[in-house]
Amino acid sequence: MNKIGLGVAATFTAEPLGDALRFWLAEIGVEGEVAFAPYDQVFPSLLDPGSVLGRAGAAVVLVRAEDLVAGDSAAEDLAAGQDGLDQVEAVATDLVAALRTSARASGTPHVLVVCPPSPEHGSPEAHERLASRLARAFEGDRAVSVLTSAEPYEPGPEAVHDAFADRTGNVPYTDRYFAALAAAAARRLHATTTPRPKVVAVDCDGTLWDGVVGEDGPDGVVIGPQRLEIWRELARQVAAGRLLCLCSKNEEKDVREVFARHPELPVGLDDVAAMRVGWEAKSQSLRSLAAELDLGLDSFVFLDDSPVECAEVRAGCPEVLTLRLPAGAAEAAAFLRHCWPLDLTAVTEADRERTRRYQEERQREQARDEMSLADFFATLDLRVTITPAGPEHETRAAQLAERTNQFNLSGARRLDGEEKFVVDVRDRFGDYGVVGLTDVRTEGDTLRAGAFLLSCRALGRGVEHRMLAHLGALARERGLARVALAFRATERNQPARDFLAALPATVEPSGEEAWYVLDAADAAAVVHTPGPAEERAAGPAGTTGPVEPAASAGWAAVERIATRLTGADAILDAMRAARPVTEVAGASPVEAAVMRMWAELLDVAPTSVSDGFFQLGGHSLRLVQFMARVRAEFGVELPFDTLYTTSFTVSEVAKAIEERQLADADDEELAGLLDELAGLSDEEIDALLDSGNG
């Protein structure tokens with residue numbers, strides 16, 4: 001959605017929801033205003049086409065069971081058992097009809113939120129009856145969506161209700177809970193008003209499991225409880241009709257073996273619509289998948305833990321919504337729980353059959369697009385440091401030799417050369433650490449590398465070319481004419497073969513291995529050259545003309561929401577950060593706290609302690625909210641009638657807070673003294689008075 005107005009109606013005072021809803025509209029890049037129906041006018045607002053709900057681009061309706069039951073004896077009716085529940089059933093029927101009428105007449109999405117009952121007057125049974133009745137009535141309905149909680153933003157029970165604000169102004173919930181309700185409602189509206197992705201493409205190493213299957217082996221990767229949560233989320237996506245694809249730089253047989261050895265996983269290869277497991281750029285793999293599935297790239301979400309791979313895909317496939325998962329399994333699972341584009345809407349039987357249909361009918365004939373990565377590599381800021389290996393590198397060097405498979409030219413596991421060099425890599429995204437190793441010796445006029453290996457996480461960026469250039473420069477410095485690289489084919493080192501095949505080298509067989517020999521000058525001049533720049537095609541079938549990179553522009557907001565705005569407190573902090581408070585020299589701590597509260601509540605933030613509440617746009621509802629915050633922070637209740645009938649300033653209300661605190665303290669001290677005296681006998685009291693201490 002790009003431009004929308006939100007209409008809100010509630011059975012209680014819901015205006016505190018407005019600031020949080022406006023925050024979310026801005027967060028997801030939506031233009032529009034939030035308008036509220038009159039207090040407790042839900043039914044008239046739903047049935048009147050001219051109401052704020054009828055005129056809005058989307059509607060949010062909030063109800064409590066205790067508010068919907070008619071009559072002055074509502075609380076008694078609800079507590080009475082079946083009679084009260086029968087009233088809930090009757091009003092639920094009327095509410096269903098009104099919601100359907102409104103949604104049909106306006107043609108706009110409606111979100112209905114069944115809010116929790118108050119501890120004093122509400123009935124949990126009535127709430128559950130109303131929530132279940134409404135959820136059943138709109139199950140699968142694309143026009144009306146029902147929320148029965150603020151999940152996944154629901155705070156603890158102690159942070160839900162505000163009895164003081166409810167009693168004073170019928171504002172039943174805390175700021176934290178209003179923030180949670182707004183987030184849940186905005187998220188549901190987002191799911192019902194924005195196109196949903198059709199394909200979820202995922203990386204394997206560091207995403208589906210911990211470890212590198214090419215180095216650790218299928219039995220060496222780890223799928224712990226938190227990583228399993230990622231698999232469960234993918235299973236939910238498949239069940240909702242989204243196509244699951246694998247996009248990984250690995251040997252395909254290794255990936256298949258992991259699936260084969262874990263039949264208990266909630267996702268199996270039968271659930272995978274297509275895969276690209278190999279060594280080409282992932283942007284090219286995704287284009288190939290799009291062509292095979294006959295879908296546009298703008299219907300893809302790509303998940304990967306590597307910032308470099310994500311940047312490459314964003315550069316090469318800006319249409320794809322590319323999201324970087326946190327490295328930790330628990331954080332990655334939490335990210336997916338808060339990833340709005342993956343939210344599920346109404347699911348049909350045809351949706352559930354989509355993966356099978358694509359597996360049966362997908363087309364494999366379309367040629368893959370070619371693209372240039374030159375621009376991406378030019379901005380990568382790759383920094384490769386090659387130094388002699390020291391004692392501090394011994395453990396890492398042995399680990400690299402033992403575990404590196406894909407780019408291990410000779411398959412060497414033992415290092416017996418005269419010199420070893422370690423390769424440290426970093427780029428603008430971060431530090432890879434020691435990822436490469438060469439093991440060399442001098443024979444005649446030749447510098448021979450018996451080991452030349454690089455971790456697969458640094459492949460495809462030109463590091464291997466710089467390693468060879470380093471050996472060429474080293475040979476020339478020592479007056480050597482040639483550089484030779486030992487090679488022995490293994491089941492896993494196809495990337496090494498591809499690298500050697502592109503070099504200006506001659507091959508000298510030597511038993512089970514071969515030596516690729518280059519002139520030292522040629523080796524020193526080796527550079528990484530990405531494929532030739534070509535004009536990218538418009539896209540696979542399903543897209544025509546130039547593609548708008550909307551997904552590319554939106555990934556930052558999705559990641560920010562999924563990592564930083566995951567709870568009510570974080571949302572409130574972000575809202576407050578957007579409305580900074582002017583610091584006033586000489587203001588007392590209480591005055592500074594009052595100014596902060598007003599800055600958060602009022603349209604205009606105070607700039608001095610002489611500013612007045614109503615002068616800054618305050619009104620009765622904001623006054624109730626302010627008093628509730630004062631009560632929560634300072635533990636005192638200010639007199640509503642007195643404040644509402646006077647024009648008070650920051651300094652005046654701060655003074656009133658301090659005086660009330662002192663009075664309350666004196667009252668507590670007096671009460672403590674009376675309690676102490678109550679426990680004394682008459683003789684003890686007389687003795688205390690006689691001593692002069694009374």
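What you see is a predicted model, and the numbers here were worked out from it, not measured in a lab.
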By ring-ring contact (aromatic ring centres under 6.0 Å, His included), Trp24 pairs with (sequence neighbours left out) Trp340
* To do: Could you give me the CA-CA distance, side-chain angles and deciding distance for Leu181 and Val113, then say whether side-chain contact (heavy atoms from CB on, under 4.5 Å) is met?
  => CA-CA 8 Å; Leu181 284 174; Val113 188; 3.9 Å; yes
Can you tell me if Arg133 uses its side chain to pair, donor with acceptor, with the backbone of Glu128 under 3.5 Å? no
Self-check item: Thr194 side chain to Ala191 backbone, donor-acceptor under 3.5 Å
Solution: no
One should read off an interatomic distance between Leu297 CG and Phe300 CZ, to the nearest 0.5 angstrom, of 6.0 Å
Rounding to 0.5 Å, atoms CG (Leu265) and CZ (Arg232) come to a distance of 10.0 Å
Within the 4.5 Å heavy-atom criterion, are Ser455 and Glu215 side-chain neighbours or not? yes
ask   = If only atom types and distance count, is the side chain of Glu312 paired as donor or acceptor with the main-chain N or O of Ser283 below 3.5 Å?
value = yes
Taking every heavy atom of Ala182 against every heavy atom of Leu17, the minimum-distance pair comes out as N-CD1, 3.6 Å
All heavy atoms of Trp209 vs all of Val255, minimum pair found to be CH2-CG1, 4.2 Å
Verdict with supporting geometry, Phe335 and Leu342, side-chain contact (heavy atoms from CB on, under 4.5 Å):
CA-CA 11 Å; Phe335 180 100; Leu342 296 183; over 6 Å; no
For Ala186, is there any backbone N or O sitting under 3.5 Å from a side-chain donor or acceptor partner on Arg188?
no
Discussion item. I'd like to know if Arg256 pairs up with Glu252 as an ion pair, taking the criterion as any Lys NZ or Arg NE/NH1/NH2 lying under 4.0 Å from an Asp or Glu carboxylate oxygen.
Written reply: yes
Of all heavy-atom pairs linking Val200 and Arg242, the shortest is CG2-CD, 4.2 Å
- Query: Would Arg287 and Glu319 pass as an ion pair if we require N to O under 4.0 Å?
  - Reply: yes
side-chain contact (heavy atoms from CB on, under 4.5 Å) for Leu147 and Val114? Distances and angles first, verdict last. CA-CA 6 Å; Leu147 293 175; Val114 185; over 6 Å; no
Item to check | Arg560/Glu27 ion pair, N-O < 4.0 Å | outcome: yes
Side chains of Leu208 and Arg227, heavy atoms from C-beta outward: is any pair under 4.5 Å? no
Could you check whether any side-chain heavy atom of Val221 comes within less than 4.5 Å of a side-chain heavy atom of Asp210, counting everything from C-beta outward?
no
Item to complete: Could you check if a side-chain atom of Val96 sits within less than 4.5 angstrom of a side-chain atom of Phe138, using non-hydrogen atoms only?
Response: yes
Review point. Between Arg324 and Glu309, is there a salt bridge with N-O shorter than 4.0 Å?
Key: no
- Under-4.0 Å salt bridge between Arg236 and Glu233: yes
d(Arg497 CZ, Arg488 CZ) to nearest 0.5 Å is 11.0 Å
Here the gap from Leu437 atom CG to Leu453 atom CG, rounded to the nearest 0.5 Å, amounts to 5.0 Å
Polar side-chain atom of Gln406 near backbone of Arg492 as donor-acceptor pair, under 3.5 Å:
no
| message | A cation-pi test, strictly: NZ or CZ of Arg314 under 6.0 Å from the centre of the six-membered ring of Trp555 and no more than 45 degrees from its axis. Yes or no? | response | yes
- Message: Would you say CD of Glu392 has more than 12 non-hydrogen atoms from neighbouring residues, nucleotides or ligands within 6.0 angstrom?
- Response: yes
In terms of heavy-atom contacts, Pro116 and Val160 come closest through CG-CG1, 4.0 Å
Is there a donor-acceptor contact under 3.5 Å from the side chain of Ser299 to the main chain of Gly296? yes
Can Arg383 and Asp427 be counted as an ion pair, charged N to O under 4.0 angstrom? no
Phe259 and Leu246 have their tightest heavy-atom pair at CE1-CD1, 3.8 Å
Scanning both residues in full, the closest heavy-atom pair of Ser123 with Pro117 reads N-CB, 3.9 Å
> Less than 4.5 Å apart, any side-chain heavy atom of Gln237 and any of Leu243?
Replying inline: no
*Kindly indicate, with the supporting measurements, whether the criterion side-chain contact (heavy atoms from CB on, under 4.5 Å) is fulfilled by Leu323 and Leu325.*
CA-CA 6 Å; Leu323 302 175; Leu325 288 181; 5.9 Å; no
Are the side chains of Val423 and Thr385 in touch, meaning some heavy atoms are under 4.5 Å apart? no
Q) Ring centroid separation for His338 and Tyr153, is it under 6.0 angstrom? A) yes
Can you confirm whether the side chains of Ser149 and Glu151 place a donor and an acceptor under 3.5 Å from each other? no
In this structure, CZ of Arg196 is separated from CG of Asp343 (nearest 0.5 Å) by 6.0 Å
Quiz item: How are the rings of Phe452 and Phe407 set to each other: parallel, tilted or perpendicular (split at 30° and 60°)?
Solution: tilted
For a quick check under 3.5 Å, do His262 and Glu264 share a side-chain donor-acceptor pair by atom type? yes
Taking Ala562's backbone N and O only, do any of them form a donor-acceptor pair with Thr566's side chain (distance below 3.5 Å, no angle check)? no
**Asked** According to the interplanar angle, ranging from 0 to 90°, do the rings of His161 and Tyr173 count as parallel (below 30°), tilted (30 to 60°) or perpendicular (above 60°)?
**Response** tilted
When you compare the side chain of Cys204 with that of Val213, does any pair of heavy atoms fall below 4.5 Å?
no
query = Do side-chain atoms of Asn493 reach the backbone of Ala496 as a donor and acceptor pair under 3.5 angstrom?
reply = no
Which of Leu321, Leu336, Asp203 passes side-chain contact (heavy atoms from CB on, under 4.5 Å) with Leu303? It is Leu336
Original post:
Using a distance-only test with no angle check, is there a side-chain donor-acceptor pair under 3.5 angstrom linking Ser306 and Asp304?
Top reply: no
- prompt: Is there side-chain contact between Leu286 and Cys247, with at least one heavy-atom pair below 4.5 Å?
  reply: yes
Query - Cationic N near anionic O, under 4.0 Å, Glu280 to Lys249 - result: no
key: Whether Asp569 side chain and Arg176 backbone form a donor-acceptor pair below 3.5 Å   = no
Output for pair (Trp279 CH2, Asp498 CG), nearest 0.5 Å, gives 10.0 Å
Worksheet entry | Sidechain-backbone polar pair: Thr404 side chain, Ala401 backbone, donor-acceptor under 3.5 Å | no
*Evaluate salt bridge (charged side-chain N to carboxylate O under 4.0 Å, His left out) for Lys253 paired with Glu257, printing each intermediate quantity in order.*
CA-CA 6 Å; Lys253 65 182 183 60; Glu257 189 62 23; over 6 Å; no
